[in-house]
Amino acid sequence: MMSEQQGLSPRYAPAAVEPGIYDRWMASGAFTPAADAPPGAERFVITMPPPNVTGSLHTGHALFVTLEDLMTRYHRMRGADTLWLPGVDHASIAAQFVLDKIIAEEGETRVSLGRDRYLERMWRFMDETRDAIGLQMRRLGASADWTRNLFTMDPTSARAVRTAFKRLHDAGLVYRGEALVNWCPRCRTTISDLEKVPRDETGTLWQIRYHLAAPDGSPDPARWISIATTRPETLLGDVAVAVHPDDERYRDLVGREAILPFLGRRLPIIADEVVEREFGTGAVKITPAHDADDYETGRRHGLPAISILDEEARINGEGGEFAGLDRYEARALIVERLRAMGDLDGERPHAMVIGHCDRCGTVVEPRLSVQWFVRTAPLAERALASVREGRTKIVPDHFAKVYAHWMENIRDWAVSRQLWWGHRIPAWYCSDEHITISELESGPDACDTCRRPATDLTQETDIFDTWFSSGLWPFSTLGWPDDTADFRRFYPTSVMETGYDIIFFWVARMMMLGLFCTGVEPFHTIYLHGLVRADGGVKMSKTKGNVVDPLEIIDEIGADALRFALTVGTSPGADQRLTMGKLDGARNFTNKLWNAARFVLGAQPELPVAPSGEPTLPERWIRSRLAEATERATRQLDELELSGYAGAIHEFAWSDYCDWYLEAVKVDLRRPAATDGDRARAWATAAETLASLLRLLHPVIPFVTEEIWSALHEASPQATGGEPLLISAAWPLPGARDRSAEADMATLTELVRAVRNLRTESGVAAATWLPLTVVPADDAAHATIEGSVAYLEALARVRPIELRDTGDDRGRPTGVASTPAAAAWAGSDPTADERTAAARSESEAHLRRGIARLRTLLSGEFTERAPAEVVQRERNRLADLEAELRHLVGD
RNA sequence: GGGCGAUUGGCUCAGUCGGUUAGAGCGCACGGUUCACAUCCGUGAGGUCACUGGUUCGAAUCCAGUAUCGCCCACCA
């Protein structure tokens, strides 16, 4: 029960309100959609990027959890049929990388354990880590449906993977073939182009003499062709030397042969336009098995491809005397030997781009091998059309161009990996190398081609690229390929939220696979957030020591403040800097909220009297402001302008509710002449407005708002609408604006500001009570001010107030607080005149400048060309300024 | 080599179809023991909206170009 709630005692908002509240949410079942969709309800389903199972929470996670939770809570409060399905990704290569390091400490290696024991060890590791990220997400307040928590290695996911692959195969979109792929010698697997990260480096460009073949086939010591290379060790796999067909220098050599050093292989000298004449010597060695360009060149000329590296990038048996050496040892030795032989023609530093393994940083080698590929062009075409034709919208929209460019230039996707941890490719081979693909867990009954029985078939040992299973996430998690109730109810999903850095890895693949497998776009909106950077705009990294640890921040200032800071700072597709200043600001805000609530709860009249009487100006005004804030917040959330939403409510809460309204309401609550009914009404308004504010803030600040809510609920169930839990409470509907209250309140606040200003300019202490003379501009202003004298007294700290008739300027000094609605001066400060003379002439000059500007504007073409309402607005503005000036100078 | 984005007060950022005197938070200056909050309150200073040209009655906003920074894509040894 709520009895443990003792109001809101601490002076500062506590950081650690999470655990108890989170448990209450869990117990309420609020995270899980009702058994049946509420009839007629809208649907909101978020697709989240399942974090790597090995990871621990970093600011990137904190951001995505914050934004997705924000959206989820908002739509849930709107009454939508809402689902946020959480899970983790098995991250095959990343997980193996981590586990390899762990078992290394235990004195084991992947090889020493063997596949079965390695996988066993991996599953044990998973048991330890799988829940870690989920627990951390909960600390951030993630209101995900943990009853549906999934893992990409679950049997449901495995089945979806097999089925998708089988269907792709049946549709002719899968093939197996030899190709030059990116190979990481440390991870000992193929990696995709996306996993190869280019880095600028300075290498060496060597020039090496290849002697021409003499008529007897031996190297001619006097004649040679000099080639340029940055990777001398690959010469062991050379099969030709190429020059440009129009290169005069080498024209007579084309068709002859050169002799490969060390191995003595005869290399035809060929002509091909791929050769850049200006580069190096204009002659290039051709190594089809170890270079993408050369591979193509080799194919054009019908040349063989000779692999010289093994899977750990050591020279293999093709390398003659160099066999067994590491690639770099071989490089050094070959260079040294060539130099000794006098065949090294030169060496110089060379700026170049080298591909590294995204995971381990090792230099990637192009390697010839047999792999499984997905034919992506037909898939990409549909995925492209979906975005182009608006069935899926990308936020921010300029990423649609990035997406389109990639889709238009897409290359086939090498999906096989020579790793162990992951989904094994469901392909079986018979002794005749016939291929059978099966979606069954038990595999095929027989070879599709020759009907050999299952016992004669062996399964492919390669596994899938992690992103293949991630690409099925939006629907594999809902039971696909079965037509389940969840799938029918929650698919396609609404918003897919993730960082722009995985738009190709993940988003593009989900679009392609989603369209192929289910026939529809897997989500209608792609919301891309940016990176969270450290102060100074640099990437956070452990080595730089500038990492903001979300869990430490939560311990220190609470999850709410972290969430608020991240939300205010976010802009779709753009990076943000998370600074201590922002975090402090957010902490201050949650604290402000906390204290405002403490005040409201503490101000509750003790006698339970029914509210009565007419609402005062501040009451009417705050309701109107709330209506405006509600409207804005709702619109911004609907348009996914999340930062704008947070900013709007921040402003309403701090400026309107705390700075003006609560200060004014103190007057109402303490007014001696007020009835108990009046006080009850005034308090009820404060409490109800607070309740609405809590509803509006709950998506971004869930814990503190919930904590305050339960105290408020205990104090006044009327205020909370009888809802014990804020998470399940309804999102507020905007009430009616009250323009006259807003105008009257503006009259009051402007006057208060003007008086405060005057006080500061005059150097009168803020605490000093001043007598004030007020001369309203007209009867309406007179009425407004007359009704607001008590507020004016309290807010401007003036007493007594002499409210005169309009135009009664007797004894008017030079120091005057002037607003469009009134002029006011402090009655008894003898120094005021002199001390404010300067300020007065300054504001007079300011007014005159404004008037002159507007007169010029209104005398030009503007009045004819601009829309009538714009012209009218300027005319009104001019009239206001003129009136203001008349008051200031006293007509 | 292509493409995308950014450039707004000392800092971090808003600025929604072009339309008041370009806003906010932090920082700064000055003043505050006003009974919710000094994690606070009040007042204020501070901006040629990177630059050049154009469109327009009117441009931070639209167009063209330039500069600087950042990111993405790309097979040149």
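Just so we're on the same page: letters track the sequence lines, and every chain starts at 1. What's counted below: heavy atoms across the whole structure, side chains too, no hydrogens, waters or symmetry copies.
- By the neighbour-count criterion of 12 heavy atoms within 6.0 Å, atom CZ of Arg671(A) is densely surrounded, having more than that number from other residues, nucleotides or ligands.
- Asn757(A) has a side-chain polar atom (N or O) that falls below the 4.0 Å cut-off from OP1 or OP2 of rG44(B).
- Nucleotides rA36(B) and rU12(B) have their C1' atoms positioned 29 Å apart, rounded to a whole Å.
- Considering only side-chain N and O atoms, Lys592(A) lies under 4.0 angstrom from the phosphate OP1 or OP2 of rC41(B).
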Pairs under 3.5 angstrom, nitrogen or oxygen only, protein versus nucleotides 56-62 of chain B, please.
{"residue": "rC57(B)", "atom": "OP1", "partner": "Arg865(A)", "partner atom": "NH1", "Å": "2.2"}
{"residue": "rC57(B)", "atom": "OP1", "partner": "Arg865(A)", "partner atom": "NH2", "Å": "3.3"}

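- Look at the P atom in both rG5(B) and rU43(B): the space between them is 41 Å, to the nearest Å.
- If you check rG42(B), rA36(B), rG5(B) against the side chain of Ala596(A), the one that comes closest is rA36(B).
- Taking atom P in both rA45(B) and rG10(B), one finds a spacing of 16 Å when rounded to whole Å.
- Every residue two or more places apart in sequence or in another chain that forms a ring-ring contact (aromatic ring centres under 6.0 Å, His included) with His350(A) is listed here: Phe279(A).
- Every pair passing side chain to side chain donor-acceptor pair (under 3.5 Å) that includes a residue from residues 577-592 of chain A is listed here, sequence neighbours excluded: Asn591(A)-Asn595(A).
- rG58(B) and rG70(B) have their P atoms separated by 38 Å, given to the nearest Å.
- The phosphate of rC71(B) has neither OP1 nor OP2 within less than 4.0 Å of any side-chain N or O from Lys539(A).
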Which letter, B, S or -, goes with each nucleotide of nucleotides 72-77 of chain B from 5' to 3', with contact meaning a protein heavy atom under 4.0 Å?
SSSBBB
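- Partners of Trp769(A) according to the ring-ring contact (aromatic ring centres under 6.0 Å, His included) rule, which considers only residues two or more places apart in sequence or in another chain, do not exist here.
- Within the structure, a side-chain polar atom (N or O) of Arg11(A) is placed less than 4.0 Å from OP1 or OP2 of rA38(B).
- Distances shorter than 4.0 Å separate some side-chain N or O of Asn588(A) from OP1 or OP2 on rC40(B).
- Taking only distance into account, the side chain of Arg756(A) never meets the base of rU43(B) through a donor-acceptor pair shorter than 3.5 Å.
- Separating the P atom of rG18(B) from that of rU61(B) is a span of 11 Å, rounded to the nearest Å.
- Rounded to whole Å, the C1' atom of rC41(B) lies 14 Å from the corresponding atom of rC35(B).
- Of the candidates rA38(B), rA36(B), rG5(B), the closest approach to any side-chain atom of Tyr12(A) belongs to rA38(B).
- Distance check on atom C1': rG9(B) versus rC28(B) gives 12 Å, rounded to whole Å.
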As a check on the pairing definition, encode RNA chain B in dot-bracket form, counting Watson-Crick and G-U wobble pairs whose two distances are under 3.5 Å, and using | for partners outside this strand.
(((((((..((((.....[...)))).(((((.......))))).....(((((..]....))))))))))))....
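- Take Phe504(A) and apply the ring-ring contact (aromatic ring centres under 6.0 Å, His included) test, not counting sequence neighbours, and it matches Trp406(A).
- For Glu273(A), the side chain to side chain donor-acceptor pair (under 3.5 Å) test picks out no residue, with sequence neighbours left out.
- Partners of Phe399(A) according to the ring-ring contact (aromatic ring centres under 6.0 Å, His included) rule, which considers only residues two or more places apart in sequence or in another chain, are Tyr500(A).
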With a cut-off of 3.5 Å and sequence neighbours excluded, list every side-chain donor-acceptor pair involving residues 656-665 of chain A.
{"residue": "Asp656(A)", "atom": "OD2", "partner": "Arg625(A)", "partner atom": "NE", "Å": "2.9"}
{"residue": "Asp656(A)", "atom": "OD2", "partner": "Arg625(A)", "partner atom": "NH2", "Å": "3.2"}
{"residue": "Tyr657(A)", "atom": "OH", "partner": "Ala686(A)", "partner atom": "O", "Å": "2.8"}
{"residue": "Tyr661(A)", "atom": "OH", "partner": "Ala686(A)", "partner atom": "N", "Å": "3.1"}
{"residue": "Glu663(A)", "atom": "OE1", "partner": "Lys666(A)", "partner atom": "NZ", "Å": "3.3"}
{"residue": "Glu663(A)", "atom": "OE2", "partner": "Lys666(A)", "partner atom": "NZ", "Å": "3.0"}

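- No donor-acceptor contact under 3.5 angstrom links the side chains of Asp535(A) and Asn546(A), judged on distance only.
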Output one line per pair: protein atom, nucleotide atom from nucleotides 10-17 of chain B, and distance, for all N/O pairs under 3.5 Å.
{"residue": "rU12(B)", "atom": "OP1", "partner": "Arg577(A)", "partner atom": "NH1", "Å": "2.8"}
{"residue": "rU12(B)", "atom": "O2'", "partner": "Lys582(A)", "partner atom": "NZ", "Å": "2.8"}
{"residue": "rA14(B)", "atom": "OP1", "partner": "Ser571(A)", "partner atom": "OG", "Å": "3.4"}

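- Within residues 232-244 of chain A, no residue has any heavy atom closer than 4.0 Å to RNA chain B.
- Taking 4.0 angstrom as the limit, Trp654(A) places a side-chain polar atom (N or O) nearer than this to OP1 or OP2 of rC41(B).
- Set against rG5(B), rA36(B), rU34(B), the side chain of His398(A) has rG5(B) as its closest nucleotide.
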